[in-house]
Amino acid sequence: MSSLHSLRLASLVEGASLLLLLLIAMPLKYGLGLAIAVRVAGAIHGLLFLVLLSVASRAYFERAVSTRSLLRVLGLSIVPLGFLAAERLLRRDADRDHPATG
């Protein structure tokens with residue numbers, strides 16, 4: 001699996017974990033008093049964010065993404081639904097590097 005593909009996957013999974021934290025775990029904590037939901041979802045999200053940083057570093061050092069794209073992806077990772085824009089950006093980078101033949 002290429003480092004760019006790994007970055008796209010890591011971004012999607014990390015973004016989904018942020019939505020899980022915000023839309024499920026936090027309402028469970030504040031609506032039902034289940035603080036454990038935020039502890040578990042927060043720990044998972046934190047781990048996935050570290051994975052994203054690791055994969056992003058690998059992609060950058062393998063020159064799969066530019067500095068600008070890397071910074072945009074990392075910036076979008078802290079915005080809810082930002083991972084959708086990051087996916088579009090990374091897909092465009094992948095298409096630019098490997099244009100379809102036909």
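Computation of the quantities below employed the complete heavy-atom set of this structure, encompassing side-chain atoms and omitting hydrogens, waters and symmetry-equivalent molecules.
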### Query
Rounded to the nearest 0.5 Å, how far does CE of Met26 lie from CG of Leu34?
14.0 Å

### Verify same cluster id: Val79, Leu74 (apolar side-chain graph, 4.5 Å)
no

### Which atom of Ser77 lies closest to which atom of Leu52, heavy atoms considered
CB-CD2, 3.6 Å

### Query
Under a single-linkage rule joining Ile, Leu, Val, Met, Phe, Trp and Tyr whose side-chain heavy atoms are separated by less than 4.5 Å, which residues share a cluster with Leu76?
none

### Summary
Correct closest heavy-atom pair for Lys29 and Ala35 would be CG-CA, 3.9 Å

### Task
Report yes if some heavy atom in the side chain of Leu81 is under 4.5 Å from a heavy atom in the side chain of Leu19; otherwise report no.
yes

### Task
Looking only at non-hydrogen atoms, find the nearest pair between Ser3 and Glu62 and report the distance.
OG-OE1, 3.0 Å

### Query
Should Tyr30 and Val38 be counted in the same cluster of Ile, Leu, Val, Met, Phe, Trp and Tyr side chains packed under 4.5 Å apart?
yes

### Query
Is the count of non-hydrogen atoms from other residues, nucleotides or ligands lying under 6.0 Å from Ile78 atom CD1 greater than 12?
no

### Query
Under a 4.5 Å side-chain heavy-atom rule over Ile, Leu, Val, Met, Phe, Trp and Tyr, are Leu71 and Leu50 clustered together?
no

### Task
Identify whether Leu48 and Val55 are in the same connected component of the hydrophobic contact network (ILVMFWY, side-chain heavy atoms under 4.5 Å).
no

### Message
Nearest 0.5 Å, please: how far is CG in Leu47 from OG in Ser17?
### Response
9.0 Å

### Query
Between Leu12 and Glu87, is any pair of side-chain heavy atoms under 4.5 Å apart?
yes

### Query
Which heavy-atom pair separates Arg58 from Met1 by the least distance, and what is that distance?
NH2-O, 3.8 Å

### Summary
Correct closest heavy-atom pair for Ala25 and Ala41 would be CB-CB, 3.6 Å

### Message
Any heavy-atom pair between the side chains of Leu7 and Leu90 that's under 4.5 Å?
### Response
yes

#### Entry: Check: Leu18 and Phe83 side chains under 4.5 Å, non-hydrogen atoms
no

### For the student: nearest non-hydrogen atoms of Leu89 and Ser69, plus distance
CD2-O, 3.9 Å

### Query
What pairs with Ser57 under side chain to side chain donor-acceptor pair (under 3.5 Å), at least two apart in sequence or on another chain?
none

### Query
Is Leu9 reachable from Phe61 through a run of I, L, V, M, F, W or Y residues, each pair having side-chain heavy atoms under 4.5 Å apart?
no

